[in-house]
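Reading through the structure tokens given below for one structure.
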Amino acid sequence: MVVAQENSSVERSRRPVFVMGCHRSGTNLLYDTLLSAGGFAMYRGYLPVYKILIPRFGRLDVRENRSKIMEVWLKSKGFRRSGLDAAGLTEKVLRDCRSGGDFIRITMDEVARKQNVQRWAVYDPDNVLHVARVKRDIPEALFIHIIRDGRDIALSLKTMGGFQPLPWDRGERSLPATAAYWRWMVRRGRAAGRAIPEDYIEVRYEDLVGNPRETLARLGTFLDHDLDYDRIRGASLGRLSESNSSFRGLAGEEQSPVQRWKQRLRGQEVARIEALVGDCLAENGYELATPASERRSGLQERWMRLEYDTFLSSKLWLKIETPVGRLANMEALELSDGVRGGEAAPERP
């Protein structure tokens with residue numbers, strides 16, 4: 001178990017922040033909200049250290065592995081967006097890096113130093129699966145877990161093809177299967193957060209959208225950072241001014257991103273989702289729409305929950321703990337042929 005380190009030598013107002021949550025939960029929106037508040041380094045890159053780089057190339061306490069990672073990382077979109085000098089970053093990583101946290105810290109400290117700010121934040125939905133590893137490597141890290149209604153998540157992910165259910169669930173059962181993925185992600189993150197209660201906070205997407213002043217005030221107290229709502233609205237960086245909706249271009253798209261499932265899902269579809277993940281919805285304060293008699297969890301639902309919990313957990317373990325990780329797909333790194341450094345970090349994706 002990771003123990004919260006309340007006596008960190010780093011002042012809370014300067015501690016690094018990790019924004020995470022299930023995909024389509026609003027991690028982009030929350031991250032851009034922090035950047036719009038000011039005081040954070042501007043970085044819109046992707047640092048999938050625990051998800052891709054370490055599984056693919058091995059532990060960073062081995063110099064050969066660090067060299068291989070840097071060879072690839074310098075070709076990535078994440079590096080190009082850092083605006084850093086390739087030679088300088090490589091020297092620091094090869095000399096000082098011994099863990100995934102070191103890699104993130106070295107990179108982001110350099111970005112912050114170049115921009116003359118004292119704090120940085122990164123976002124990656126999948127860090128919700130790696131909280132313990134991040135906390136081990138960066139003891140002063142703070143974590144914001146954004147949680148969104150699983151019915152909206154299932155609808156959004158299915159619309160954009162963001163989750164691939166098991167082959168036998170790719171028909172009419174794809175929506176509840178995708179909701180099972182949401183349930184697994186949320187519960188993994190919450191379980192990790194309970195081990196570090198002083199350094200972990202949960203934010204509901206619906207509260208951030210519907211009651212931003214109060215939500216930002218609570219979050220600002222946790223971070224010891226001034227999250228002034230009016231200043232954030234004035235800056236409106238990234239997703240605050242550009243929609244990231246998976247429903248862009250569809251006829252009848254609602255103005256509000258909250259509770260789209262009420263308009264777009266049939267009653268039978270809602271009942272299937274709630275029968276499967278209603279426990280997790282209720283745990284997170286979401287009201288169920290289906291009468292208890294119509295969403296009774298039966299053998300099929302119990303089996304599907306066990307099936308996806310086991311499948312997803314086993315897949316994660318194999319990727320992290322076995323050579324299977326060497327097959328990690330690097331497509332998300334958006335590699336280029338050349339190495340470029342020293343460019344200004346762009347303001348928008």
Side-chain angles (χ1 to χ4, degrees), residues 19-33 125 128 144-163 165 172-187 189-190 201-216 218-219 229 232-233 236 238-297 301 305:
V19 177
M20 60 189 192
C22 182
H23 292 262
R24 309 305 299 173
S25 289
T27 51
N28 266 304
L29 176 68
L30 178 53
Y31 182 66
D32 285 335
T33 298
V128 79
I144 310 173
H145 183 184
I146 185 165
I147 298 173
R148 187 178 185 182
D149 191 321
R151 293 160 292 196
D152 275 330
I153 295 292
L155 178 59
S156 180
L157 281 175
K158 182 182 178 183
T159 300
M160 67 179 297
F163 174 71
E172 64 179 17
R173 298 206 304 180
S174 62
L175 266 172
T178 304
Y181 165 72
W182 167 82
R183 178 180 182 271
W184 176 75
M185 288 278 282
V186 168
R187 285 194 159 183
R190 299 193 81 195
I201 191 172
E202 293 171 2
V203 174
R204 287 209 331 178
Y205 173 83
E206 294 77 11
D207 293 335
L208 180 63
V209 171
N211 190 11
R213 288 188 187 275
E214 182 178 325
T215 303
L216 291 172
R218 180 172 69 93
L219 185 55
Y229 175 66
I232 290 168
R233 283 196 64 185
S236 290
R239 299 308 181 203
L240 275 68
S241 60
E242 298 175 1
S243 172
N244 189 32
S245 171
S246 57
F247 297 91
R248 283 176 297 181
L250 294 186
E253 180 185 351
E254 301 81 13
Q255 191 69 25
S256 172
V258 175
Q259 294 187 339
R260 283 199 175 104
W261 61 269
K262 286 188 175 181
Q263 286 76 42
R264 296 193 175 273
L265 294 182
R266 300 188 302 273
Q268 185 180 30
E269 293 174 318
V270 174
R272 285 178 176 173
I273 291 173
E274 292 184 354
L276 187 66
V277 304
D279 55 349
C280 192
L281 286 166
E283 287 167 10
N284 289 280
Y286 295 105
E287 184 177 348
L288 302 182
T290 312
S293 59
E294 297 178 24
R295 58 174 164 79
R296 187 172 293 111
S297 181
E301 288 74 28
R305 284 195 293 266

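- When atom types are taken as modelled, the side chain of Glu206 and the backbone of Asp149 share a donor-acceptor pair closer than 3.5 angstrom.
- When atom types are taken as modelled, the side chain of Arg305 and the backbone of Leu276 share a donor-acceptor pair closer than 3.5 angstrom.
- Residues Gly189 and Val128 approach most closely at CA-CG2, 3.4 Å, considering heavy atoms.
- Between Tyr181 and Ile153, the closest side-chain pair of non-hydrogen atoms is not below 4.5 Å.
- Side chains of Arg187 and Cys280 form a contact here, defined as non-hydrogen atoms less than 4.5 Å apart.
- When all heavy atoms are compared, the tightest approach of His23 to Met185 is CD2-CE, 4.2 Å.
- The shortest distance between side-chain heavy atoms of Thr33 and Leu219 does not fall below 4.5 Å.
- Contact annotation: the side chain of Arg218 never approaches that of Asp207 to less than 4.5 Å [non-hydrogen atoms, C-beta and beyond].
- Between the side chain of Arg204 and the backbone N or O of Gly285 there is at least one donor-acceptor pair closer than 3.5 Å.
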* Start with the C-alpha distance between Glu274 and Arg151, add both sets of side-chain angles, then the distance that settles salt bridge (charged side-chain N to carboxylate O under 4.0 Å, His left out), and finish with yes or no. => CA-CA 8 Å; Glu274 292 184 354; Arg151 293 160 292 196; 2.7 Å; yes
* **Pair Arg183-Asp279, side-chain contact (heavy atoms from CB on, under 4.5 Å): steps then yes or no** => CA-CA 9 Å; Arg183 178 180 182 271; Asp279 55 349; 2.9 Å; yes
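- Across all non-hydrogen atoms, the minimal contact from Ala289 to Val270 is CB-CG1, 4.3 Å.
- Not one N or O on the side chain of Trp261 forms a donor-acceptor pair closer than 3.5 Å with the backbone of Ala154.
- Around CD of Glu283, the count of heavy atoms belonging to other residues, nucleotides or ligands within 6.0 Å exceeds 12.
- In terms of heavy-atom proximity, Ile147 sits nearest to Tyr286 at O-OH, 3.3 Å.
- To the nearest 0.5 angstrom, Gln259 atom CD is 11.5 Å from Leu265 atom CG.
- Residue Asn211 comes nearest to Thr215 through the heavy atom pair O-OG1, 2.8 Å, listed as atom of the first residue, atom of the second, then distance.
- Looking at heavy atoms from C-beta onward, Ile146 lies out of side-chain contact with Leu29 at the 4.5 angstrom threshold.
- Taking the ring axis of Phe163 as reference, the NZ or CZ atom of Arg24 does not stay both within 45° of it and closer than 6.0 Å to the ring centre.
- Minimum interatomic distance between Gly150 and Leu281 (heavy atoms only, all atoms of both residues): N-CD2, 3.6 Å.
- The distance from the NE2 atom of His145 to the OG1 atom of Thr27 is 10.0 Å, given to the nearest 0.5 Å.
- The side-chain heavy atoms of Leu216 and Leu208, taken from C-beta on, include a pair separated by under 4.5 Å.
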